[in-house]
Amino acid sequence: MERLIKRMFRDYYSKAFSLNESLVSPIERREFGVQFFDGLMQRHLSFAAGEELRSFLTSKVPKGVYYSSACYENPAAKEMELKGWVCADLSFDIDVDHIPTKCKQEHDWWRCKNCGYEGRGMSPPRCPICGSERMERHTWICDKCQHEAKEHLYRLVDDFLMGDLGLSPKQLIITFSGHRGYHVRVVSDEYSRLDPESRGLLIEYILGLGVKELVLEEVSGRRRYRAYPLDELGWRGRVARLLYEVISGYSVEELLEIGLSEDAARFIVRNRVGILRQLEARRPSWSFIKVIGRRNFESLVEEARFRGAAIIDERVTRDVKRLLRLPGSLHGSTGMMVKPLSYSELEGFNPMEMPSPFERFGDLCIKITSKRTYKVTVGGYKYDPASNPVGRPLKLPAPLAIYLLLKGHAEVVGDGDCT
Amino acid sequence: MVKLDLADLAKYPFLPEAKSYVERLGIELRELFNDPDYSDILERAYERVVEALEHGYVRLGRDPHIEIVSFPAAIALVSFVGSDLLAQRYATAEAKRASRQLERDNNLELTVYISDAVFNWGLKIVRRETLDGRIEETPMVPVYTYLKYASRVSGSFWSLVSRRVENGYVHLPLRALIRLLEEAIKDYILERFSPPVGVELGYAEPLVARLSELVKKRLKPAEELLEAYRIGEESYPPCIRVMLGNLRAGKGLPHLARFTIVTFLRALGWDVDRVVELFSILPDFNERITRYQVEHIFGLRGSRTVYAPPSCATLKRGNLCYAGGDPICGKVKHPLQYVRVKVGGKAD
Ligand code: SF4
Ligand SMILES: [Zn+2]
Ligand SMILES: [Zn+2]
């Protein structure tokens, strides 16, 4: 199987791949790294031009290709001290792995490599039974998850980067990650010089950490709340508007689900119109808090934060020496392209319908080896486990077949076995 | 446009106008240091540094002329002393003085002028009508400038979440803007320390010598800890001294003792080679294995965790505490704290 996949990856890098150098510019200042199919990693690579990189990729055929958000005097130096860090583009990673979605209960699962304990849904950082961090994680691509990733991407880009930070679409390099998320790199000298602590303040902002303290103050031991008008700037207005959304749109059941008490939920629904009028006022008063109480109000605020924050992977944004997936390269767990997207392309982009470079290989003959496959669409081709029984040789379009092979749920069989 | 008089330049001697004032007078550092006519300026420059060192604050002298010219002279003196700690201390004190003056002046226009003229912040001013009909002027700084400096000031007050953010700018109350400026002023001064070449110290020589003495007396303990190589074994706590003694005698050491020695010496600035060499005395020494273990504890391998030395409580539990009647041991909870007290003369 590895031979077949490597052959197809090589075909891609030699024929179809062309690096848009403006996306990694200045290329000679970036560190590159690759991960091979045997799991080995090679870092500290440096290329003077895109063509040089391409011939490297064609001859080595890695599983994943990465480049640094940082610029170095000496990107190929092996030790950080000798590399000469100059700056690092502010970068963001949105990945469904970090965003809770209900459908993960259906298609994601994990197993502890130490004790064998397993579970469904979002994987905990360590095994709940034995505490081991050696976890096997199985993820799947699904419509709902892709949709959720895009929702958070839009929050990040529209609300925070272009909205509050006033950046223009031209300053953003957006790529689909090739799996279940997106990367955004900000091209700005000012932001790329910030240290990790400064980036930390921005992370807090995008995650909305501290919103509770914004509306519920503690002044010399006494707790009080602060109300903000809907058109206020920053998180002040955002939290007011999102509270408005929650209060105007949630049913009693939904309010219970986010942690409100029965009484509080009923009170809100019954007095909805009056509460909303209070929120709309130019000098708003949130006196309903006195009725529902602090705990219930906190749940509302947390829900508001959850609706407004963009869930980004903190580590990626804080780390100024990190490697990111190279635009135009292939993702080694899906075979999908790490696709650069302009802001205007975003709206119409559906990763599951994205044309696959493996299209031209027609059908491949494979055999599903696992009972844990789910519905999926890759390169526009649909797969349904119900009509593709385990263990029987199947002819599947190459983009789908590669996906199933790379996910480890299928193996290659001889062409003769397929009819 | 802001009108600046001599008194303003004295308060804010890092302004470009103050710089050109000195240039217009044609006073060069060489003359300042070698011409007895300038002794009052040199004397004030020295005072500035001493004030920073002793009180963490530089007062505003009465004569604006002397205040303005003594500022670059003081920077030169600090450069000649060549102590990073003194430089930090001096820059912090001058920055604090400037921000106190700005608070006292309480002048939005002037503060904005300084932000733009010296630091190129590109501030904007918003005018908003308040609910009671007054016009309120609020300065706005670019978000990245806010992030850069606010991250150094601690406290939830500086969380960006609590601020009005608008199209790339953060609205700030004047006092908050001044606090950020204080950080920028400190950076500005720190960037200016470099020993002037080809300048004879002249009259400044005894002043530099006195400052070096003062630094040694006031800042030495801290500086020594940074360059901890120089800390002698006589300053180690009894537990470590006993462990080292046993090690040198070629006695076997329990795991916790080895771990303690490695982490302790690492905290004092030892490198891997030096620690490995120390262990080479053991009869069962194997360089490859020892190096591997030491590198692991240094956080250079595996999980990359850098381990801290165990506390006194842990050592007591492991029967490795030899406090006996040591008076410092009675006051500390951690072997490193012991060193700090012994070298610095005070508990922290
Ligand atoms: S009190 Fe702490 S420092 Fe003193 S001997 Fe015991 S363990 Fe060592
Ligand atoms: Zn386990
Ligand atoms: Zn899903």
Side-chain angles (χ1 to χ4, degrees), chain A residues 79-80 87 90 133 159-168 171 186 188-218 226 228-229 231-239 281-284 301 305 308-309 317-318, chain B residues 115 119-124 126-133 136 138-173 176 179-180 183-184 187 191 271-272 295 298-305:
Chain A
E79 274 152 58
M80 253 324 146
C87 63
L90 180 64
E133 283 180 40
D159 299 348
F160 294 107
L161 299 182
M162 282 164 53
D164 291 346
L165 266 53
L167 296 166
S168 81
Q171 288 174 284
V186 175
S188 148
D189 288 346
E190 284 84 13
Y191 282 102
S192 53
R193 280 195 294 264
L194 293 179
D195 63 21
E197 284 68 40
S198 301
R199 292 170 203 235
L201 277 187
L202 190 57
I203 294 168
E204 278 178 20
Y205 188 74
I206 289 169
L207 292 174
L209 304 178
V211 167
K212 203 176 86 189
E213 289 72 18
L214 185 65
V215 291
L216 289 158
E217 286 185 322
E218 216 174 289
R226 289 184 70 117
Y228 299 100
D231 63 354
E232 254 280 33
L233 297 165
W235 266 103
R236 301 170 179 215
R238 183 170 287 123
V239 74
R282 188 152 177 238
R283 243 190 249 249
V301 172
R305 181 186 79 83
T317 303
R318 193 182 294 268
Chain B
S115 317
F119 304 110
N120 227 336
W121 278 6
L123 297 194
K124 282 189 183 172
V126 264
R127 291 179 180 77
R128 304 186 353 149
E129 203 185 328
T130 58
L131 288 172
D132 46 13
E136 193 183 64
T138 310
M140 304 197 294
V141 300
V143 173
Y144 46 81
T145 306
Y146 180 87
L147 295 174
K148 176 170 177 190
Y149 295 107
S151 62
R152 302 189 197 165
V153 194
S154 55
S156 60
F157 176 75
W158 293 99
S159 145
L160 188 59
V161 171
S162 66
R163 305 257 165 226
R164 293 196 175 94
V165 185
E166 182 181 20
N167 205 20
Y169 288 85
V170 182
H171 295 228
L172 281 182
R179 184 64 188 84
L180 295 189
E183 290 302 313
D187 275 8
E191 278 159 23
D271 59 22
V272 173
E295 283 177 355
F298 268 56
L300 304 169
R301 285 178 179 279
S303 65
R304 312 260 147 180
T305 314

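Order of the sequence lines fixes the chain letters, A, B, ..., with proteins taken first and strands second; residue numbering starts at 1 for each chain.
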Side chain to side chain, B:V161 and A:L209, heavy atoms closer than 4.5 Å: no

Value rounded to 0.5 Å, distance of CG in A:L233 from CZ in B:R128: 6.5 Å

Segment of A:D164 engaging chain B (4.5 angstrom heavy-atom cut-off): both

Sole residue of B:L160, B:L147, B:V143 in side-chain contact (heavy atoms from CB on, under 4.5 Å) with A:Y205: B:L160

Any side-chain heavy-atom pair of A:L194 and B:K148 under 4.5 Å: yes

B:R152 and A:E197 ion-paired at < 4.0 Å: no

Chain B contact via A:L214 - side chain, backbone, both or neither, heavy atoms under 4.5 Å: side chain

Closest approach of B:S151 to A:L201 (non-hydrogen atoms, all atoms of both residues): N-CD1, 3.6 Å

Heavy-atom side-chain contact between B:S159 and A:E204 under 4.5 Å: yes

Distance-minimising heavy-atom pair for B:R163 and A:R236: C-NE, 4.1 Å

